[in-house]
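Chain naming here is simple, since letters A, B, ... match the order of the sequence lines and numbering starts at 1 in each. FYI, side chains are in, hydrogens and waters are out, and symmetry mates aren't considered; it's all heavy atoms of this structure.
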Number of protein chains: 2
Amino acid sequence: MPASERYPEPAISVDVVIFTICEGALQLLLAKRQRPPHQGKWALPGGIVDLREDLDTSALRHLREQTSLTGVYLEQLYTFGNPSRDPRMRVVSIAYYALTPAARLSAQINLEHNRLRWFTFTTRPNLAFDHDAIVDVARQRLAAKLAYSTIAMQFLPERFTLPDLQNVYEIILGRAFDKRNFRKHVLALDQIEETGEERRLGNHRPARLYRMKRPGQVEVIK
Amino acid sequence: MPASERYPEPAISVDVVIFTICEGALQLLLAKRQRPPHQGKWALPGGIVDLREDLDTSALRHLREQTSLTGVYLEQLYTFGNPSRDPRMRVVSIAYYALTPAARLSAQINLEHNRLRWFTFTTRPNLAFDHDAIVDVARQRLAAKLAYSTIAMQFLPERFTLPDLQNVYEIILGRAFDKRNFRKHVLALDQIEETGEERRLGNHRPARLYRMKRPGQVEVIK
DNA sequence: GCAAAAGTGTTCCAGATACACCCATGT
DNA sequence: ACATGGGTGTATCTGGAACACTTTTGC
């Protein structure tokens with residue numbers, strides 16, 4: 001017996017808040033809507049979940065299809081189901097958020113036909129549907145997770161410097177940290193190690209490069 | 001255009017993990033399945049979301065209809081969407097968890113026709129569908145929230161003693177706390193106040209009764 | 001030599017931990 | 001009087017916060 005004969009069914013979609021840190025700001029990747037409703041407005045990448053597709057898989061697929069991004073950190077955020085959140089029909093959306101290093105952007109995304117654009121979190125336009133609320137929840141979750149996980153390193157390339165990492169914290173949490181205390185803290189977590197290499201960049205002392213001891217894994221700390 | 005003409009639609013359900021603390025143990029309320037699949041197995045209360053019904057509202061409605069419980073603390077937990085989690089059809093389930101004081105149980109729930117029963121968390125049977133996984137995630141979330149919120153008080157009646165509260169923590173986290181340190185800690189949070197009353201119970205010194213300063217609100221602390 | 005960012009240690013404070021005895025009650 | 005659980009204070013430890021100067025490089 002097919003579903004449609006049993007219950008009136010809402011549609012199921014996934015929406016993905018894609019964060020990166022670039023040019024000293026938290027940025028998110030948005031897609032301009034090509035059709036009504038909200039035609040011309042910016043919205044989160046995402047779409048309908050296939051009937052035989054896992055939710056995480058669907059989020060990754062829409063991410064790949066619409067932005068060419070792969071290999072990002074992805075986590076389920078919250079499910080938004082207000083009956084009037086989409087004017088056409090009932091759509092329940094499982095929201096995800098994804099983090100990616102800034103380095104990947106130019107390589108993987110061609111920002112095809114200006115349908116895709118990065119916006120800084122603070123200067124983004126008003127979004128379609130309830131996507132403003134989704135983005136706000138995502139940022140709150142991200143900020144909370146910085147305190148008790150190694151999630152911040154998902155914004156950085158494989159090798160990074162301690163000032164890089166400190167920047168991630170300062171941008172997302174919106175306040176400055178003491179350099180010495182910060183270094184002491186993250187090194188005490190025993191999650192990163194020196195590579196032995198340095199990065200020379202500009203008229204100043206080179207910075208040591210570090211790497212995660214367990215690359216790709218987001219660990220709960222403390 | 002109705003949904004069924006556009007996409008093959010998964011069904012949407014809510015499932016609710018209902019926790020209480022009773023007789024020194026964390027307990028959860030389960031319903032015996034009356035029909036296939038998994039007929040005769042125990043499962044979480046829940047059901048299909050109405051087409052024009054908010055998700056939270058749906059969870060509260062199924063809770064009320066199936067268990068008579070109202071006024072509980074309710075929070076969205078996670079969304080489970082494995083395509084084969086229900087053998088009949090694709091069902092995406094938004095899982096919730098609810099907390100209620102033990103005192104309400106006898107009053108509100110008649111455990112109608114033995115279809116409903118409380119089980120201790122540790123001795124519960126294997127559940128229908130993927131409900132074992134849902135219950136595990138709920139317990140993890142609950143334990144994590146004890147550390148940084150006032151959620152524990154949702155297990156207690158309006159007026160409660162400090163040993164009551166300490167019991168909640170010890171049962172959920174599975175370890176003992178020092179009585180003096182515990183009292184110092186929770187009083188320093190400035191979330192509860194003395195009522196001036198005492199509870200005499202048994203052959204020993206009466207315990208002071210406290211109440212939440214903002215009843216019903218779960219506050220993030222520290 | 002100078003500008004610019006990287007790197008480094010110590011002191012202080014607050015919150016967490018460890019720990020043992022007296023109190024009020026009912027029987 | 002005694003059994004039962006409720007209530008109290010201090011010393012110590014540990015992790016976080018505050019704080020300023022030296023190092024290395026490119027120009």
Side-chain angles (χ1 to χ4, degrees), chain A residues 21 23-24 143-144 146-150 152 156-157 159-171 173-211 219-222, chain B residues 21 23-24 102 143-144 146-150 152-153 156-157 159-171 173-211 219-222:
Chain A
I21 287 188
E23 295 172 3
L146 281 195
Y148 64 88
S149 78
T150 58
L156 298 175
R159 288 172 302 167
F160 55 89
T161 69
L162 293 188
D164 286 344
L165 185 58
Q166 184 171 347
N167 261 325
V168 173
Y169 277 82
E170 294 184 339
I171 288 165
L173 298 178
R175 60 200 173 89
F177 291 90
D178 178 84
K179 206 196 307 183
R180 286 163 290 190
N181 293 339
F182 182 82
R183 299 169 77 89
K184 230 183 311 173
H185 177 71
V186 299
L187 292 174
L189 295 178
D190 196 36
Q191 295 289 330
I192 63 177
E193 60 192 2
E194 292 193 26
T195 63
E197 301 162 304
E198 294 186 330
R199 178 205 287 165
R200 270 169 301 285
L201 186 66
N203 313 345
H204 54 82
R205 178 170 176 174
R208 293 184 194 161
L209 286 165
Y210 291 78
R211 73 166 80 87
E219 313 261 348
V220 173
I221 52 185
K222 270 184 298 185
Chain B
I21 287 188
E23 295 173 1
L146 282 194
Y148 65 87
S149 78
T150 58
M153 297 173 199
L156 299 175
R159 288 172 303 167
F160 55 88
T161 70
L162 293 189
D164 286 344
L165 185 58
Q166 185 170 347
N167 262 325
V168 173
Y169 277 82
E170 294 184 338
I171 289 164
L173 298 178
R175 61 198 172 90
F177 292 90
D178 179 84
K179 206 196 309 184
R180 285 163 292 190
N181 294 338
F182 182 83
R183 298 169 77 90
K184 229 182 311 173
H185 177 72
V186 299
L187 292 174
L189 296 178
D190 196 36
Q191 296 288 330
I192 63 176
E193 60 192 2
E194 293 194 27
T195 64
E197 301 161 304
E198 293 185 332
R199 178 205 287 165
R200 270 168 301 285
L201 186 66
N203 312 345
H204 53 82
R205 179 170 176 173
R208 293 185 193 161
L209 286 165
Y210 291 78
R211 73 166 80 87
E219 312 260 349
V220 173
I221 53 185
K222 269 185 297 187

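L162(B) is listed as a side-chain neighbour of I192(B), based on a closest heavy-atom distance under 4.5 Å. You'll find the side chain of I21(B) stays beyond 4.5 Å of the side chain of N167(B), heavy atoms only. In this structure, P163(A) and R183(A) have side chains that are in contact, with non-hydrogen atoms separated by less than 4.5 Å. Side chains of Y210(A) and L187(A) form a contact here, defined as non-hydrogen atoms less than 4.5 Å apart. Proximity of Q191(B) to V186(B): side-chain heavy atoms (C-beta onward) are nowhere separated by under 4.5 Å.
As rounded to whole Å, 11 Å separates atom P of dC27(D) from atom CG of L201(A). What separates CD of Q166(B) from P of dT8(D) is a distance of 13 Å, to the nearest Å. At whole-Å resolution of the value, CZ in R183(B) and C1' in dG5(D) are 11 Å apart. Taking atom CZ of residue R200(B) and atom P of nucleotide dC23(C), one finds them 19 Å apart after rounding to whole Å. Computed from coordinates, the F177(A) CZ to dA5(C) P distance equals 20 Å when rounded to whole Å. Between the CG atom of L187(B) and the C1' atom of dG15(C) there is a distance of 15 Å, given to the nearest Å. In this entry the distance linking CZ of F182(B) with P of dT8(D) reads 14 Å, nearest Å. Residue R199(A) contributes atom CZ, which lies 16 Å from atom C1' of dT24(D) at whole-angstrom precision.
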Note to self: So if I define the base as every atom that isn't primed, P, OP1 or OP2, how would nucleotides 10-19 of chain D read as a B/S/- string at a heavy-atom cutoff under 4.0 Å?
What the structure shows: B-----SBBB
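Across R159(A) and R199(A), no two heavy atoms sit closer than the pair O-NH2, 4.4 Å.
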Notebook entry, point to check: Can L146(A) and L173(A) be said to form a side-chain contact (heavy atoms from CB on, under 4.5 Å), step by step?
Noted result: CA-CA 9 Å; L146(A) 281 195; L173(A) 298 178; 3.8 Å; yes
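Along DNA chain C, the nucleotide nearest L162(A) and the nucleotide nearest K179(B) are compared for position; the residue whose nucleotide lies closer to the 5' end is L162(A).
Using cut-offs of 30° and 60° for the angle between ring planes, the F177(B) and F182(B) rings count as tilted.
In the region residues 203-211 of chain B, proximity to DNA chain D at under 4.0 angstrom, judged on heavy atoms, holds for N203(B), H204(B), R205(B), P206(B), A207(B), R208(B).
Checking E193(B), E198(B), E197(B) one by one against T195(B), the side-chain hydrogen bond (donor to acceptor under 3.5 Å, both in side chains) holds for a single residue, E197(B).
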